[in-house]
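Have a look at the structure below, then the notes.
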Amino acid sequence: QVQLVESGGGLVQAGGSLRLSCAASGRTFNTNAMGWFRQAPGKEREFVAAILRSGVSTLYSDSVKGRFTISSDNDKNTVYLQMNILKLEDTAVYYCAAGPGPFSRSRHFYEYWGQGTQVTVSS
């Protein structure tokens, strides 16, 4: 079993920044792919970013490309999402996800999920 705990969410003004953290514990040897997804009320859970823990490959959704950066500190079993130039439409619950692979934008390829952290962008 793998446990994922997100932190770092909060309220921020449009144009501001936040950094989310996802701490993984348990049987993390089988979590080669790590990702961030988000879900706003009435919306489907959508892909934000993903990273391979065994390499440097990353993926981003078009909506966050150039503004968000995903990174991984494998020594700490922690994945980060640096969010810059936040927009109102970034408001959502952000979820950390992990899986054995393959590396994917689809939520169906991730087996483990955190409880989410709320990010609210105000104007």
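What you see is a predicted model; the values in this text were computed from it and never measured.
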Using ring-ring contact (aromatic ring centres under 6.0 Å, His included) as the criterion, list what pairs up with Phe37, not counting sequence neighbours.
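With neighbours one apart ignored, the set is Phe47, Tyr110, Trp113.
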
Using the test ring-ring contact (aromatic ring centres under 6.0 Å, His included), find all partners of Phe68 that sit at least two apart in sequence or belong to another chain.
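Testing Phe68 for ring-ring contact (aromatic ring centres under 6.0 Å, His included), a comparison that skips the adjacent residues, returns none.
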
Listed by chain and number, what are the salt bridge (charged side-chain N to carboxylate O under 4.0 Å, His left out) partners of [X], not counting sequence neighbours?
X	value
Asp62	Lys65
Glu44	Arg107
Glu111	none

Set of side-chain hydrogen bond (donor to acceptor under 3.5 Å, both in side chains) partners for [X], sequence neighbours left out:
X	answer
Ser122	none
Arg105	none
Ser72	Asn74
Asn84	Ser17, Gln82

Using a 3.5 Å distance criterion without hydrogens, assess whether the side chain of Thr78 forms a donor-acceptor pair with backbone atoms of Ala23.
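Side chain of Thr78 to backbone of Ala23: no pair is present.
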
Does anything in residues 2-14 pair up under side chain to side chain donor-acceptor pair (under 3.5 Å), and if so which pairs, sequence neighbours excluded?
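Qualifying pairs, neighbours excluded: Gln3-Ser25.
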
Any pair counted as salt bridge (Lys or Arg N to Asp or Glu O under 4.0 Å), so long as it reaches residues 114-123, sequence neighbours left out
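Output for this query is empty, none listed.
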
Residue pairs, two or more places apart or on separate chains, that pass salt bridge (Lys or Arg N to Asp or Glu O under 4.0 Å) and touch residues 25-40:
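As it turns out, the salt bridge (Lys or Arg N to Asp or Glu O under 4.0 Å) pairs with a partner in residues 25-40, which skip direct neighbours, are Arg38-Glu46, Arg38-Asp90.
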
Side chains of Ser63 and Ser61: is there a donor and an acceptor less than 3.5 Å apart?
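There is such a pair (donor and acceptor under 3.5 Å, judged by atom type) between the side chains of Ser63 and Ser61.
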
